[in-house]
Student: 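Below are the structure tokens for one structure; questions will follow.
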There are 2 protein chains.
Amino acid sequence: MSELLQIQRPLPPSLHAMKTSCVNCSMHQLCLPMGLDDSDMNRLDQIIGRRRRVARGESLYRMDDPFRNLYAIRLGHFKTYQFNAGGEQQITGFQMAGELMGMDAISTDKHHCDVAALEDSEVCEIPFQRLEELFGMIPMLLRHFHRIMSQEITREQNAMLLLGNMRAEQRFAAFLINLSSRYAARGYSSTSFQLRMSREDIGNYLGLTIESISRLVSKFRKLGWLGVDKREIQLLDPVRIKALAAGTETCPMA
Amino acid sequence: MSELLQIQRPLPPSLHAMKTSCVNCSMHQLCLPMGLDDSDMNRLDQIIGRRRRVARGESLYRMDDPFRNLYAIRLGHFKTYQFNAGGEQQITGFQMAGELMGMDAISTDKHHCDVAALEDSEVCEIPFQRLEELFGMIPMLLRHFHRIMSQEITREQNAMLLLGNMRAEQRFAAFLINLSSRYAARGYSSTSFQLRMSREDIGNYLGLTIESISRLVSKFRKLGWLGVDKREIQLLDPVRIKALAAGTETCPMA
DNA sequence: CGCTTATTTGAACTTTTTCAAGTCTGGTGG
DNA sequence: CCACCAGACTTGAAAAAGTTCAAATAAGCG
């Protein structure tokens, strides 16, 4: 919560002037334009409202905001979270470059969650109405859109599996492996990366307390599975962590 | 698990001969054809492969089966569940008439979960490829399809909220209220219905053990909130249960 | 530097699970 | 019709896993 209240620093304007288009974007083989030829990609480009910056801790949209746009992440990281009537928060996901946000709003024309930037980030605003018009003209785009929505469903089913029947160690291992493979898909190291979220956020996402996360970090470090320096993480024994995440191996006790 | 192994009784053939079409289906205002006029509804009807019966305990499709069809439930109830590499099961949802299954398979062309009938049931088989062809011709159908997928995402986010930060009583209350409102939407009683799934299934879905579910049932019964006769349920104090589910009120201790 | 926030760690406490018996029900065969 | 069996469900007591509470560090930011 407190992250949201902090002072928001604007980004330098130089970034904004930078040529931004799907064709030039390093994410275009992961993002919505995946598989489109240059001409179709340009058509998609043309409907994109603007590239919008979101400073760390700033909110991109909030629950119940009217739904007009999907957002593709160009740069940075976000978290999506919900509140229940009692005011308790649940983080439903962490998003990174190339991922699409806002699809949960299509059914009711209202956003169902809040989205906040975990670091200074940049998104492409995609007016959904105009995207729908393109669907009729670019079948490939429609198919890919369906794949992305389907992927989102799968992603959340995996989260249910995690929350529903994994023990703490397994959840944390699954969390690390998930990040690892997503960084790998983006061409980054799969064994060495920075956590963009706080321990509290991790705990919230995994259905555990911040103290439990802290203990898990220590435990994995002591086992020699993990190198930890603040939020800088190294998977020293990815095979072991993967096996733990998959449930084919259990965690040695303290 | 054991439910899957029982003897499967075929349905009487008379049912099969019955005229089945979207226009005549009582679910058409909840299901895929929602909002279509008769002519478009007929076009949808024409692509529907067949109405298929699934006996209680029988499986409609399994994880890793090739994806060809979506399935709309005409009649009955289903559960969808996943396994992790370690072989542990997690039920990701219970589906009832008018709901669409299989959307998680679009992204990889393989089903991501198993689906089993909780009672003798009947589904409409919707060849996805042909459905995609229709999307180009019936924009309304496409829009509604997007809404349904979006709803599925929302549904799962709610499940994450449930699994991630509710205590046992709240989970169970939320589960009951969820069923209640879905029956209400179908014109059935919102306070009196039959559980189609075993206590074990409920526990698995809610991330609790069967014993915990049993204790919760007893507790709610003793509090006078619930009338229970085997799987027959009556919500005697829906307001209280709703408040508990929403997190605006807590459960009195035993 | 001084303050606020993030993280770690220990110990007591809760919640839920696990283990171990029962009970109840429907179906089967005598 | 009734005894018997298998599966589903209930209940109690002990154990385990995490949480909560409390306190100490450490880090980031003006």
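Sequence lines set the chain letters: A, B, ... in the order given, protein chains first and strands last, and positions in each chain run from 1.
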Student: On the 0 to 90° scale, with breaks at 30° and 60°, tag the A:F175-A:F172 ring pair as parallel, tilted or perpendicular.
Tutor: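 Plane angle under 30°, so parallel.
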
Student: For A:Q89 versus A:N204, what's the shortest heavy-atom pair and its separation?
Tutor: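 The pair with the smallest heavy-atom distance is O-ND2, 3.1 Å.
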
Student: Regarding A:R62 and A:D114, does a basic nitrogen lie under 4.0 Å from an acidic carboxylate oxygen?
Tutor: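 A salt bridge links A:R62 with A:D114.
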
Student: Less than 6.0 Å separating the ring centroids of B:F78 and B:Y71?
Tutor: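 No, the ring centres sit 6.0 Å or more apart.
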
Student: Could you please name the option among D:dG28, C:dT17, D:dT19 that lies closest to any side-chain atom of B:T209?
Tutor: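 Closest of the options to the side chain of B:T209: C:dT17.
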
Student: Nearest whole Å is fine: how far is C:dT5 P from A:I210 CD1?
Tutor: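 Between P of C:dT5 and CD1 of A:I210: 13 Å.
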
Student: B:L163 has an atom CG; how far is it from atom P of C:dT15, in whole Å?
Tutor: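 In whole Å, C:dT15 P and B:L163 CG are 19 Å from each other.
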
Student: Using whole Å, report how far CZ of B:R56 lies from C1' of D:dA8.
Tutor: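 After rounding, the reported distance stands at 11 Å.
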
Student: Can you say whether the rings of B:Y188 and B:Y183 are parallel (under 30°), tilted (30 to 60°) or perpendicular (over 60°)?
Tutor: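 Rings of B:Y188 and B:Y183: perpendicular, as their planes differ by over 60°.
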
Student: In whole angstrom, what separates A:K230's NZ from D:dC29's P?
Tutor: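 One finds 11 Å between P of D:dC29 and NZ of A:K230, rounded.
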
Student: Rounding to a whole Å, what distance do you find between B:N204:CG and D:dA8:C1'?
Tutor: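 Those two atoms, CG and C1', are 16 Å apart.
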
Student: Examine D:dC9: is either OP1 or OP2 under 4.0 Å from a nitrogen or oxygen in the side chain of B:R231? Give yes or no.
Tutor: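 True: B:R231 side-chain N/O within range (under 4.0 Å) of D:dC9 OP1/OP2.
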
Student: Among D:dT10, C:dT8, C:dA11, find the nucleotide with the atom closest to the side chain of A:V217.
Tutor: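 Taking heavy atoms from C-beta onward, the closest nucleotide is C:dT8.
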
Student: Please report the distance, rounded to the nearest Å, between NZ in A:K222 and C1' in C:dT8.
Tutor: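 In whole Å, C:dT8 C1' and A:K222 NZ are 9 Å from each other.
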
Student: Could you tell me how far apart A:L195 (CG) and C:dA6 (C1') are, to the nearest whole angstrom?
Tutor: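 In whole Å, C:dA6 C1' lies 13 Å from A:L195 CG.
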
Student: Any side-chain heavy atom of B:T80 within less than 4.5 Å of one from B:Q95?
Tutor: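 A side-chain contact exists here, since the closest heavy-atom pair is under 4.5 Å.
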
Student: Could you tell me how far apart B:I213 (CD1) and C:dT16 (C1') are, to the nearest whole angstrom?
Tutor: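 Computing the B:I213:CD1 to C:dT16:C1' distance gives 11 Å.
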
Student: Side-chain N or O of B:S218 versus OP1/OP2 of D:dT11: is the shortest distance under 4.0 Å?
Tutor: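 Answer yes for this pair, as a side-chain N or O of B:S218 is under 4.0 Å from OP1 or OP2.
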
Student: Describe the nucleic acid contact of B:L208 in one word from base, sugar-phosphate, nothing, applying a heavy-atom distance below 4.0 Å.
Tutor: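 Sugar-phosphate, backbone atoms only, no base.
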
Student: Closest to the A:R199 side chain: D:dA13, C:dT7, D:dT10?
Tutor: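 Shortest atom-to-atom distance from the side chain points to C:dT7.
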
Student: Taking the basic N atoms (NZ, or NE/NH1/NH2) and the acidic carboxylate oxygens, is any pair closer than 4.0 Å for B:E122 and B:R51?
Tutor: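 Looking at B:R51 together with B:E122, the answer is no, because their closest N to O distance does not fall below 4.0 Å.
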
Student: Test B:W225 against every option in B:Q234, B:K219, B:R240 by the side-chain contact (heavy atoms from CB on, under 4.5 Å) rule and name the one that passes.
Tutor: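 The option that passes is B:R240.
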
Student: By nearest heavy atom, map B:S212 and A:D229 onto DNA chain D; which one lands nearer the 5' end?
Tutor: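 Result of the comparison: B:S212.
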
Student: Would you mind classifying the nucleic acid contact of B:G207 as base, sugar-phosphate or nothing, using non-hydrogen atoms under 4.0 angstrom?
Tutor: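 Sugar-phosphate contact only.
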
Student: Is there a donor and acceptor pair, one atom on the side chain of B:E211 and one on the base of D:dC9, closer than 3.5 Å?
Tutor: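 No pair found.
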
Student: Restricting to nitrogen or oxygen on both sides, can you table the protein-nucleotides 15-17 of chain D pairs closer than 3.5 Å?
Tutor:
residue: D:dA17; atom: O3'; partner: A:R167; partner atom: NH1; Å: 2.9

Student: Which of these nucleotides, D:dT11, D:dC9, C:dT7, is closest to any side-chain atom of B:S198?
Tutor: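 For B:S198, the side-chain atoms sit closest to D:dC9.
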
